[in-house]
There are 2 protein chains.
Amino acid sequence: MNGLIGEFSCKLDGKGRLSLPSKLRAQWPESALHTLVVNRGFEKCLVLYTKEDWLAEMEKLNAVDDFMSPEIRRFKRIFTNGANLMSIDSAQRILIPKKLLEYAGLGTDVVLSANGRKVEIWDEQLYNSELNVDSSELSQLAQHFHQQRKPLGE
Amino acid sequence: MNGLIGEFSCKLDGKGRLSLPSKLRAQWPESALHTLVVNRGFEKCLVLYTKEDWLAEMEKLNAVDDFMSPEIRRFKRIFTNGANLMSIDSAQRILIPKKLLEYAGLGTDVVLSANGRKVEIWDEQLYNSELNVDSSELSQLAQHFHQQRKPLGE
DNA sequence: GGAAAATGTGGGTAATTGTGGGAATTTGTG
DNA sequence: CACAAATTCCCACAATTACCCACATTTTCC
């Protein structure tokens with residue numbers, strides 16, 4: 001599982017286009033660039049995948065049967081419904097759909113932040129406040145993380 | 001787990017380039033030098049890793065699924081924030097992104113300080129005041145360290 | 001100590017990348 | 001079919017980064 005690395009500041013132009021930084025592009029195979037997928041994130045941000053990685057996410061979802069419960073069906077519907085296929089233009093940019101721009105509150109200045117095999121897309125201001133923690137909260141988060149880590153084993 | 005050793009003073013040039021001391025480079029395999037990673041430290045400094053070590057840290061993070069909880073996602077973001085891939089130029093220098101220079105308040109004179117498998121990068125003045133402790137504080141810190149060591153395990 | 005090698009430091013130039021916007025093409029809608 | 005909106009293609013300029021060379025300083029070795 002080789003993860004992506006990097007945090008990038010970029011600008012959205014008036015048309016909602018986002019140019020992907022070359023250091024990010026370089027981490028994906030050339031072929032992947034023509035079929036990327038963006039979706040809503042759980043927080044007020046968007047998430048970018050290669051199509052391949054997106055399909056892997058879908059596998060996870062589909063591993064749980066629809067018969068299970070209405071909530072399962074609803075979750076799948078909502079999660080899937082924001083997904084958008086997009087391709088890269090000749091200037092290495094993707095065009096982000098209006099609905100998603102609104103959802104994430106994206107202005108001109110945005111931040112791309114690698115996370116595992118995904119890339120989160122944040123409005124810069126929101127991103128900064130998301131990262132603004134004091135040390136006591138940080139240690140709480142760290143504890144939380146350690147607790148969650150154990151049950152999964154390894 | 002073989003740790004790095006040393007504390008080095010170096011200079012940043014006008015373009016934000018930092019030349020890595022040969023005694024530090026010698027502690028990493030030749031192959032590692034072409035893909036290093038910096039990110040923000042929890043204090044007002046930067047942290048430098050080999051890509052390999054960075055990815056190992058990431059493995060730990062990615063072992064916990066994003067679906068788990070908002071706290072998990074937040075923790076991951078905070079931990080990885082500012083990450084940047086960088087390569088070394090023909091004069092054995094790395095180019096430190098402007099944002100990170102600002103974050104750590106780096107001026108011309110900086111200090112590299114080895115810490116485990118990471119290297120911290122400090123502005124020289126900040127570093128000196130950070131290290132300006134008297135012995136009673138040192139002993140308090142040691143106590144705190146000892147107490148925290150048990151619960152977290154590992 | 002002195003010569004030779006390696007290292008640290010600085011800067012100029014060329015190539016790449018990021019950014020913006022006009023014009024043409026496509027799409028959807030009445 | 002006509003029109004407005006959205007998308008793609010194209011070019012141009014600015015900013016950033018990579019590459020190269022020069023020289024001062026430090027280290028190494030005889």
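Below, chain A is the first sequence line, B the second, and so on; all start at residue 1.
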With distance as the sole test, does [X] use its side chain to make a donor-acceptor pair with the main-chain N or O of [Y] at under 3.5 Å?
X     : Y      : value
B:R25 : B:L20  : yes
B:K44 : B:D123 : no
B:D13 : B:G16  : yes

What's the [atom1]-[atom2] distance between [X] and [N], to the nearest Å?
X      : N      : atom1 : atom2 : result
B:K99  : D:dT16 : NZ    : P     : 12 Å
A:I88  : C:dG18 : CD1   : C1'   : 13 Å
B:F8   : D:dT25 : CZ    : P     : 22 Å
A:L18  : C:dG18 : CG    : P     : 10 Å
A:N84  : D:dA6  : CG    : P     : 15 Å
B:I96  : D:dA18 : CD1   : P     : 13 Å
A:L101 : D:dA6  : CG    : P     : 12 Å

Please list every donor-acceptor pair under 3.5 Å in which a side-chain atom of residues 46-53 of chain A meets a protein atom from a residue at least two apart or in another chain.
unit_1: A:T50; atom_1: OG1; unit_2: A:D53; atom_2: N; d: 3.1
unit_1: A:T50; atom_1: OG1; unit_2: A:D53; atom_2: OD2; d: 3.1
unit_1: A:D53; atom_1: OD1; unit_2: A:R117; atom_2: NE; d: 3.0
unit_1: A:D53; atom_1: OD2; unit_2: A:R117; atom_2: NE; d: 3.2
unit_1: A:D53; atom_1: OD2; unit_2: A:R117; atom_2: NH2; d: 3.2

For B:R40 versus A:L131, what's the shortest heavy-atom pair and its separation? NH1-CD1, 4.4 Å

Exercise: identify the closest heavy-atom pair between A:S129 and B:R74: O-NH2, 4.1 Å

Look for any protein N or O under 3.5 Å of an N or O in nucleotides 8-13 of chain C and output each such pair with its distance, or none.
unit_1: C:dG8; atom_1: OP1; unit_2: B:S22; atom_2: N; d: 3.3
unit_1: C:dG8; atom_1: OP2; unit_2: B:R25; atom_2: NH1; d: 3.3
unit_1: C:dG10; atom_1: N7; unit_2: B:R93; atom_2: NH1; d: 2.8
unit_1: C:dG10; atom_1: O6; unit_2: B:R93; atom_2: NH2; d: 3.1
unit_1: C:dG11; atom_1: N7; unit_2: B:R17; atom_2: NH2; d: 2.7
unit_1: C:dG11; atom_1: O6; unit_2: B:R17; atom_2: NH1; d: 2.9
unit_1: C:dG11; atom_1: O6; unit_2: B:R17; atom_2: NH2; d: 3.4
unit_1: C:dG11; atom_1: O6; unit_2: B:R93; atom_2: NH2; d: 3.3
unit_1: C:dG12; atom_1: O6; unit_2: B:K15; atom_2: NZ; d: 2.5

Between A:P97 and B:P97, the residue closer to the 5' end of DNA chain D by nearest nucleotide is A:P97

Just verifying a value: how many Å separate A:N81 CG and A:R77 CZ, rounded to the nearest 0.5 Å? 10.0 Å

Rounded distance [0.5 Å steps], CE in A:M68 versus CZ in A:F75: 13.5 Å

Is B:K60 close enough and on-axis enough to B:F79, meaning under 6.0 Å and within 45°, for cation-pi? no

Could you list the protein-to-nucleotides 25-30 of chain C atom pairs, N/O on both sides, closer than 3.5 Å?
none

Side-chain donor-acceptor pairs under 3.5 Å in residues 86-97 of chain A, sequence neighbours left out?
unit_1: A:D89; atom_1: OD1; unit_2: A:A91; atom_2: N; d: 2.7
unit_1: A:D89; atom_1: OD1; unit_2: A:Q92; atom_2: N; d: 3.1
unit_1: A:D89; atom_1: OD1; unit_2: A:R93; atom_2: N; d: 3.0

Determine all donor-acceptor pairs shorter than 3.5 Å in which one atom belongs to a side chain in residues 100-108 of chain B; sequence neighbours excluded.
unit_1: B:Y103; atom_1: OH; unit_2: B:G41; atom_2: O; d: 2.8
unit_1: B:Y103; atom_1: OH; unit_2: B:E43; atom_2: O; d: 3.3

Quantify the bending of the helix from C:dG1-D:dC30 to C:dG30-D:dC1 as the angle between its end axes, each fitted on five pairs, to 10°. 40°

